[in-house]
Amino acid sequence: MSKDRVYLFDTTLRDGAQTQGVDFSVEDKRVIARALDKLGVAYIEGGWPGANPTDSEFFAAKPALKRARFVAFGMTKRPGRSAENDPGLAAILNASADAACLVGKSWDFQVDVALGISLNENLELIADSIAAAQKKFGEAMFDAEHFFDGYKANPKFAFDCLKTALDAGARWAVLCDTNGGTMPYEVERIVGEVVAKLGDGAKLGIHTHNDTENAVANTLAAVKAGVRQVQGTLNGLGERCGNANLIALIPSLMLKPWFAEHIDIGLSDQDLTHLTTTSRLLDELLNRAPNRHAAYVGASAFAHKGGLHVSAVMKDPRTYEHIPPETVGNTRKILISDQAGRSNLLVRLNEAGIKYDPNDSRLNALLDDVKQREAEGYSYDGAEASFEVLARRALGQMPEFFRIRSFRVMVERRHNARGELVTISEATVKLDVDGQTLFSVAEGNGPVNALDHALRKDLGRYQGYIDDLRLVDFKVRILNGGTEATTRVMIESADAAGNRWFTVGVSPNIIDAAFVALMDSIQWKLLRDGAQPSK
């Protein structure tokens, strides 16, 4: 049986950025875009060019995506202006993007109250704006804001907004449940009626909000009724109660009956195994703890504790699991099993290109070490470089390029010669390379920055390998309360070739935690770039 293609449209970088407490940097956006592209979504909405400095900088140069189309978001032109003379629309049309998605009103109440124009004039705004975007990019989309509320109030006008956009050249007309109050049975009925009026749903999309905890259910209902584009965000980020959670939608669309039989979302089984890592990477970038009870990817999603459940799962996991956890890159947790997580460990070793003997007893020791470290606060889901260093060291495959003898960091707060109160950080590092002791001193705008400069100031014959290494981002999470709290530091590093990697360190001392992450970063780069250790 042939399957209908359903296209995934991610709005994390725009809708997700509207979440209270979320503030993406340009670097965050680039990292998330690469992760989404690796996962296999069809469209990545990067933000709103011209709306703020971050989005403008992000759109100044299109990210190098291999699979996804990069989309600029904005709104239809303002009343009383032509498409050519509207500054807001111009910022979108001038953005470095593959397509544009424009939002416009489709509820007569909103047109009357928010815009204060006639319904016919609103249709003109849609037609002119979509035509301009289609001419510029070759692919334009229309987000019909408040569509479901509008359709319930005035079905003819709401439908006319969709039809106007499609007639003007829109590839997609997206039905938005902007207020998030529509129920699944309403979504299925309304979408069905719209599909019937159009003849098919091949140009319709769905965009739902989670104000009644129904965003995922509403999206699935819309797909069942005929839409062929699905919009959502990683981990359900979004304004108020969030948007439809792509992390829950993707496996449901790929694995659950009817959807698995009738549609294709463009992801392979291998792509699906990256789902858990992608979800947790976002949480790391946001510096927050992942939701342990999240569907499919949560740490507790496949956890079993004692008694009847464990006994049954040990015989056949299907007794208490609706899918195998490794399908989505997650792991089963059985507290009494020595084998818990072994299969996932082997997958991670394979992905890192690490050769091993499945019967090597050191694998069990490595697994125990990973578990112990995770209990102490380490998280390797978003720190693949640190995991590779740890694994290679455990399996005897990690060269000792250099040895740290000691390091010291001093922070001095004083008045300078001009009487200004300043804080100065200075770090010293003593290390051995090829039997020679090297001593480096450096200052920085903070203790970690000073330590970073000192550590990379002189690595002897390895210096050429790290001259282009730079610290891109630095995140700190306090894992428990009090002044004696354990701290996790996550560092993102980059080099001149555009490679980026993440490392992690954990310690009650923030400087020590940072040092561990910095050490992993340097050693991973030396290993990856083929540096030869002394014999």
Side-chain angles (χ1 to χ4, degrees), residues 4-15 29 33-34 36-37 39-51 55-56 58-77 83-84 86 88-104 106 123 125-145 147 161-176 194-195 198-207 222-223 226-233 246 263-267:
D4 289 342
R5 182 71 157 88
V6 170
Y7 296 82
L8 299 177
F9 186 111
D10 181 89
T11 70
T12 302
L13 303 181
R14 198 265 305 175
D15 265 332
K29 288 199 166 200
R34 287 195 297 271
L36 288 166
D37 188 49
L39 185 61
V41 302
Y43 296 96
I44 298 173
E45 189 175 75
W48 191 327
D55 282 1
S56 295
F58 187 42
F59 275 92
K62 186 171 62 175
L65 304 177
K66 297 180 180 179
R67 304 169 69 179
R69 291 179 65 78
F70 189 53
V71 182
F73 177 86
M75 64 184 297
T76 55
K77 69 173 187 173
E84 294 77 16
D86 185 282
L89 185 58
I92 300 157
L93 298 180
N94 291 329
S96 179
D98 301 311
C101 183
L102 303 179
V103 63
S106 62
L123 296 177
L125 302 182
I126 295 171
D128 292 348
S129 303
I130 292 296
Q134 168 63 21
K135 181 179 179 181
K136 171 62 189 298
F137 296 107
E139 183 169 11
M141 311 175 206
F142 175 62
D143 269 6
E145 189 180 35
F147 176 80
C161 291
L162 300 180
K163 192 69 166 57
T164 297
L166 293 171
D167 289 345
R171 167 64 181 91
W172 297 102
V174 182
L175 316 182
C176 301
V194 172
V195 170
L198 287 176
D200 65 62
K203 292 187 175 183
L204 293 179
I206 182 68
H207 179 111
V223 173
V227 305
R228 291 300 176 255
Q229 186 200 89
V230 167
Q231 295 195 1
T233 61
L246 280 182
I263 66 169
D264 171 20
I265 63 171
L267 272 67

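- Taking both residues in full, the closest heavy atoms of S56 and G50 are given as OG-N, 3.1 Å, listed atom of the first, atom of the second, then distance.
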- prompt: Could you walk me through whether Q229 and M141 pass the side-chain contact (heavy atoms from CB on, under 4.5 Å) check?
  reply: CA-CA 11 Å; Q229 186 200 89; M141 311 175 206; 3.8 Å; yes
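- Proximity of L93 to F137: side-chain heavy atoms (C-beta onward) are separated by under 4.5 Å at one or more points.
- The shortest heavy-atom contact between A72 and A95 is CB-CB, 4.2 Å.
- With sequence neighbours left out, the side chain to side chain contact (heavy atoms under 4.5 Å, CB included) criterion links V195 to V191, L204.
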message: With side-chain contact (heavy atoms from CB on, under 4.5 Å) as the criterion, how do V174 and V103 come out once you've worked through the C-alpha distance, each side chain's angles and the decisive distance to 0.1 Å?
response: CA-CA 9 Å; V174 182; V103 63; over 6 Å; no
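- Across all their heavy atoms, G46 and K29 have their closest contact at O-NZ, 2.8 Å.
- Within the structure, every pair that satisfies the side chain to side chain donor-acceptor pair (under 3.5 Å) test and touches residues 130-141, not counting sequence neighbours, is listed here: Y43-E139, R69-E139.
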message: Before you tell me yes or no, could you show the steps for D264 and V6 under side-chain contact (heavy atoms from CB on, under 4.5 Å), namely the whole-Å CA-CA distance, both residues' side-chain angles and the distance that decides it to 0.1 Å?
response: CA-CA 6 Å; D264 171 20; V6 170; over 6 Å; no
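- Residues R14 and D55 are not paired through a salt bridge, judged by the lack of any N-O separation under 4.0 Å between the basic side chain and the carboxylate.
- Here the side chains of F142 and I126 are in contact, with some heavy-atom distance below 4.5 Å.
- I44 has its side chain within reach of L13: a pair of non-hydrogen atoms, C-beta onward, lies under 4.5 Å apart.
- Taking the six-membered ring where the residue is Trp, the centroids of F9 and W172 are separated by 6.0 Å or more.
- The minimum heavy-atom distance linking I206 with A222 is given by the pair CG1-CB, 3.6 Å.
- Under the side-chain hydrogen bond (donor to acceptor under 3.5 Å, both in side chains) criterion, R67 pairs with D271, sequence neighbours left out.
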Please tabulate, one pair per line, all N/O donor-acceptor pairs under 3.5 Å involving side-chain atoms of residues 58-65, not counting sequence neighbours.
| from | atom 1 | to | atom 2 | distance (Å) |
| --- | --- | --- | --- | --- |
| K62 | NZ | D98 | OD1 | 2.7 |

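- Looking at every heavy atom in both residues, I130 comes nearest to A165 through CG2-O, 3.6 Å.
- Side-chain contact between W48 and M75: present, with at least one pair of heavy atoms (C-beta onward) separated by less than 4.5 Å.
- For the side-chain hydrogen bond (donor to acceptor under 3.5 Å, both in side chains) test, residues two or more places apart in sequence or in another chain that qualify with D4 are R228.
- Applying the salt bridge (charged side-chain N to carboxylate O under 4.0 Å, His left out) rule to D15 yields no partners; only residues at least two apart in sequence or on another chain are considered.
- Counting only heavy atoms from C-beta outward, the side chains of L8 and L267 approach each other to under 4.5 Å.
- Partners of D167 by side-chain hydrogen bond (donor to acceptor under 3.5 Å, both in side chains), not counting sequence neighbours, listed by chain and number: K163.
- Taking the side chain as every heavy atom from C-beta outward, R171 and Y7 approach each other to under 4.5 Å.
- Residues passing the salt bridge (charged side-chain N to carboxylate O under 4.0 Å, His left out) test with D143: none are found, sequence neighbours excluded.
- Checked by atom type and distance alone, the side chain of D37 pairs as donor or acceptor with a backbone atom of K66 at under 3.5 Å.
- A search for side chain to side chain contact (heavy atoms under 4.5 Å, CB included) contacts involving S129 returns T76, K77, L89, L102, not counting sequence neighbours.
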- request: Verify side-chain contact (heavy atoms from CB on, under 4.5 Å) between L246 and T233, making sure each step is shown before the conclusion.
  value: CA-CA 5 Å; L246 280 182; T233 61; 6.0 Å; no
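- When all heavy atoms are compared, the tightest approach of A144 to L162 is CB-CD2, 3.7 Å.
- Side-chain contact between N94 and P49 is absent, with no heavy-atom pair separated by less than 4.5 Å.
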